[in-house]
Undergrad: 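Have a look at this one before I ask anything.
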Amino acid sequence: MKSVAKAELYRKLPAVDELLRSPELAPLIAHEGLTAVTDAARAVLARVREQIAGGHLDGAATELALSGLSSAIERELRQALRFSLRSVINATGVILHTNLGRAPLADSAVEHIRETASAYSNLEFDLAGGERGKRDSHVDRLFRKLLEQDAPGATDVSTIVVNNNAAAVLLGLNTLAEGGEAIVSRGELVEIGGSFRIPDVMAKSGAILREVGTTNRTRIADYAAAISEKTRLLLRVHRSNFQITGFTEQPPLADLVALARKHKLPLMEDLGSGALFDLSSVGIENEPGVLDSLGAGVDVVTYSGDKLLGGPQAGILSGRKDLMAGMRANSLFRALRVDKLTYAALEATLLAYVKRDHDAIPTLRMMRLGKQEITRRAEALAEKVRTPKLTVELLDGESVIGGGAAPSSALATCLLGLGCDGLTAGELAARLRQSETPVIVRVEEGRVLLDLRTVLPEQDEVLADVLLKIAAA
Ligand SMILES: *Cc1c(COP(=O)(O)O)cnc(C)c1O
């Protein structure tokens, strides 16, 4: 297009002030304020100018764009004022999806956050004595109850909470082994979830890594031979996200406990997942339980609040009272501690365990969901959305735990295979992602796959609406 013609089109654009004086925008300004509407108007006009510059608008199209300016500004504003962090439907079948926020919280946890966050609370206030209290007491109390119920052998355990399990390991190592050596098997020098690496955290903690054994085999004698006057700690790390099979050996936990006791050294175990419930009933084997480790005599365990435990993001340290007192007194703890929202969510989640109300915890409910129930929901959804444009088939498949937990466990599920006329699988997945309620799916072998295991039952209807809208577009 000639520059003369372009100049003519530019001249048709109203000035921002002029636009803001138009009666059509008055209600929007009254509602959202002049500043926000001005910003939106500028953005919309800039976009039109850009389109003219690129030669994408002729005279008629410019007229059309001008006639729709008010609604474009309103759309722009709505977009700008919308939260960036939004809830999505996780139809991937990955239960603890790190990119999707790991564990959705129990209703009771959300309610407890709401009631304690919207008012003052006794976060650090002892209501009985009227004095300053400790924020850990809220979680410590419940954890003790769990131990009484399920690991009576473990006594005198106290619990503190930090920002995540990486922080828990850092605090544990710094408190127990700074300036001395921490002994770890070479088969346990793991990297988990990108950027959590045992050797790196060890270096940051000021402890010196003393590797023993080999990648596949480490014996108790390897640990024993490495113990010297420099040793401060024996560390065991759960492999969480990978397996070593074949010619392997790891000393039983009891042997490590005995060795630590003999040398009066603390034994810390980084469990990662934080299973507080025996998951073998749902086919998840070999996942070490927090209570089992403490019952077996491990001095300190560290684990995540939002992996198998199913609570908020947090790192939890439970262990021998005298060692935990040292953690509490460490200034690092002050830097790593969590706020009242996390305590509220964690307290409500732990209370569900104390009450043995495991179905209150969404991730446990998802793990316990049978294939039959998922198939029933998948059939109902297929029935609703099957149209000439949308093809739906039911397939056998597997859900996974995710979040770097139970790498070998897969749960049998029923998948919905989706196809939409005129869209490739990638395009359909993108439409789903960009819908009003974003839906995240798997794309495998050119097919969109939905696993309802991780879709909350009350979201089935929303999901159907999203699919029908895409098909109708
Ligand atoms: C997941 C995991 C971590 C890191 O926990 P975050 O809560 O993600 O910080 C550390 N150690 C092990 C063994 C883990 O499984």
Side-chain angles (χ1 to χ4, degrees), residues 94-105 139 159-174 176-177 182 184-205 207 209 218 233-244 250 253 256 267-276 279 284-290 292-294 298 300-319 327 332-333 335-339 341-343 345-346 349-350 363 400-409:
V94 180
I95 296 174
L96 297 165
H97 199 304
T98 301
N99 304 140
L100 303 183
R102 284 197 188 158
L105 294 177
V139 161
T159 297
I160 63 173
V161 185
V162 289
N163 188 46
N164 51 33
N165 189 40
V169 175
L170 178 68
L171 179 64
L173 288 173
N174 180 262
L176 301 176
V184 191
S185 159
R186 288 199 170 88
E188 297 175 0
L189 295 175
V190 301
E191 167 168 326
I192 289 159
S195 75
F196 176 87
R197 291 177 145 196
I198 288 290
D200 296 350
V201 178
M202 184 83 76
K204 291 280 181 204
S205 77
L209 173 62
T218 303
L233 178 72
L234 303 187
L235 175 67
R236 169 129 138 158
V237 183
H238 182 46
R239 284 187 193 130
S240 288
N241 57 0
F242 73 105
Q243 275 181 305
I244 296 182
Q250 240 186 329
L253 194 55
L256 270 179
L267 171 64
M268 180 164 109
E269 188 176 22
D270 176 20
L271 287 169
S273 283
L276 285 178
L279 292 162
I284 299 170
E285 306 287 351
N286 307 321
E287 201 46 49
V290 174
D292 300 330
S293 282
L294 289 168
V298 174
V300 176
V301 292
T302 62
Y303 49 103
S304 299
D306 57 351
K307 286 192 187 170
L308 291 180
L309 198 151
Q313 179 192 304
I316 311 176
L317 296 112
S318 296
M327 309 261 186
L332 249 191
F333 174 52
L336 301 173
R337 73 179 189 186
V338 296
D339 79 334
L341 308 187
T342 304
Y343 274 107
L346 199 53
T349 308
L350 287 178
T363 49
V400 296
I401 304 298
S408 56
S409 298

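Note that the numbering runs from 1 along the sequence shown for the chain. Counting starts at 1 for both ligands and their atoms, following the listed order.
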Undergrad: For residues F196 and V169, determine if any side-chain heavy atom of one lies less than 4.5 Å from a side-chain heavy atom of the other.
TA: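 Of all side-chain heavy-atom pairs linking V169 with F196, at least one is under 4.5 Å.
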
Undergrad: Under the side chain to side chain donor-acceptor pair (under 3.5 Å) rule, collect the residues that match up with T342, sequence neighbours excluded.
TA: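 Only D339 meet the side chain to side chain donor-acceptor pair (under 3.5 Å) criterion with T342.
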
Undergrad: Can you check whether N164 reaches S304 side chain to side chain, under 4.5 Å on heavy atoms?
TA: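 A side-chain contact is absent here, since even the closest heavy-atom pair is not under 4.5 Å.
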
Undergrad: Could you name the protein residues that come within less than 4.0 Å of ligand 1, counting only heavy atoms, and order them by chain and residue number?
TA: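 Contacts of ligand 1 under 4.0 Å: R102, N164, N165, A166, I192, F196, H238, S240, D270, G272, S304, K307.
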
Undergrad: Which residues pass the side chain to side chain contact (heavy atoms under 4.5 Å, CB included) test with A207, sequence neighbours left out?
TA: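 Only A177, M202, S205 meet the side chain to side chain contact (heavy atoms under 4.5 Å, CB included) criterion with A207.
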
Undergrad: Strictly by salt bridge (charged side-chain N to carboxylate O under 4.0 Å, His left out), give each pair with a member in residues 304-316 just once, sequence neighbours left out.
TA: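 Only R102-D306 qualify under salt bridge (charged side-chain N to carboxylate O under 4.0 Å, His left out).
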
Undergrad: Should V290 and L309 count as side-chain neighbours, where that means a heavy-atom distance under 4.5 Å?
TA: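 When only atoms from C-beta onward are counted, L309 and V290 do not touch, as no gap falls below 4.5 Å.
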
